[in-house]
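A short worksheet on the structure shown next.
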Amino acid sequence: MDLPEIPGLSAEEGAGGLTKLVVDLPSCRGELYLHGAQVTEWTPAGHEPVLWLSPQAVFAEAHAIRGGVPICFPWFGSGPDGDLSPAHGLARTGPWVFAGAQRHGDTVRITLQLTRDGVADRAGANHWTSDFRATYTVEFGSSLTMTLDVDPADPPTQSALHTYLRVGDVRQVAVTGLDHHHFFDQLTGETRTHHGTVTFTGETDRIYHHTNEVRLSDPVLGRQVRIAKSGSPHTVVWNPWIDKARQLADVPDDAWLEFVCLESANLSQTLRMCTSISVDSLK
Ligand code: TA6
């Protein structure tokens, strides 16, 4: 692919023969696959990798890569009425097109685009007949900022940046920022109010009505991960725990211990959603 000459940015053949863009800067190292426009690595200088990527991830056109930051679009899950497939829409298995890159100091910004024509042959595309254009901008640096812009669409679109955060031991982490927020429990179908921090003692799958920052404290890795966002009225919290992990072919049986998904989502309709991840050492 034609890539502008930018120090610290290269295009390589990645897993499964898929093209990946590699960012190697003093501030961080990162990887972004054109397939699904999926960030698969972000490692800021002085820290261990922040994103979890399954060692059993399948890198192939028809598959979503398990881990990193999958893009759920133009629907989330099975859609607002529960009748759409594949799960989480067409974007994360779509052929995104490189639309530009720039370097600003110790940050590289990459832009990719996807239109409905690009996924017209994909299973499930017949579920979504209206045109769409999605523009995704990823800024790799001492923080990781991902912005998804979508053209107005009818019917309204849903979207989520389904971030897999790497943790030392999910049983020891705590998520703050969701106190007093209502959430829909996807496991029970109930809507409840959360009080206090979020800790993990079993399968957890919740959609919080929440627009602010969340923080993940990880005593094992000795760090706090901050996730700020805009244009996102929902935060999804997910860990499969033991049984669900066993059911996922691209997740090792014991990997439930290693990640938490904290997802910036919009399950209503916003046209621009942004999330920014940064890390502070607790040591
Ligand atoms: O974001 C949480 C969730 O919707 C869970 O219900 C679980 O299905 C997870 O996404 C993973 O979905 P996937 O289709 O990637 O296996």
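One-based numbering along the sequence shown. When a ligand or atom number is given, it counts from 1 through the structure's own listing order.
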Which value, rounded to the nearest 0.5 Å, describes the distance between D151 atom CG and T135 atom OG1?
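The distance works out to 6.5 Å.
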Can you tell me how far apart CD1 (I277) and OG1 (T145) are? Round to the nearest 0.5 Å.
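If we round to the nearest 0.5 Å, I277:CD1 and T145:OG1 are 8.5 Å apart.
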Please name all residues satisfying ring pair (Phe, Tyr, Trp, His ring centres under 6.0 Å) with H181, sequence neighbours left out, ordered by chain then number.
H210
Out of V236, T204, D205, T163, indicate the one that has the non-hydrogen atom closest to atom 6 (O) of ligand 1.
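Shortest heavy-atom distance from atom 6 (O) of ligand 1: D205.
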With sequence neighbours left out, which residue pairs that include part of residues 52-74 fulfil the ring-ring contact (aromatic ring centres under 6.0 Å, His included) condition?
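The answer is Y33-F59, W52-Y164, W52-F259, F73-F132.
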Those atoms of ligand 1 less than 4.0 Å from some heavy atom in [X]:
X	answer
E263	1 (O), 2 (C)
R66	11 (C), 13 (P), 15 (O), 16 (O)
F76	1 (O), 4 (O)
H88	3 (C), 4 (O), 10 (O), 12 (O), 14 (O)

Run through N212, T211, T275, T235 and flag the one making a side chain to side chain donor-acceptor pair (under 3.5 Å) with K229.
T235
Would you say atom 8 (O) of ligand 1 has a protein heavy atom nearer than 4.0 Å?
no
The protein heavy atom nearest to atom 15 (O) of ligand 1 is R92 NH1, 2.8 Å
Under 6.0 Å between ring centres: does that hold for F76 and H88?
yes
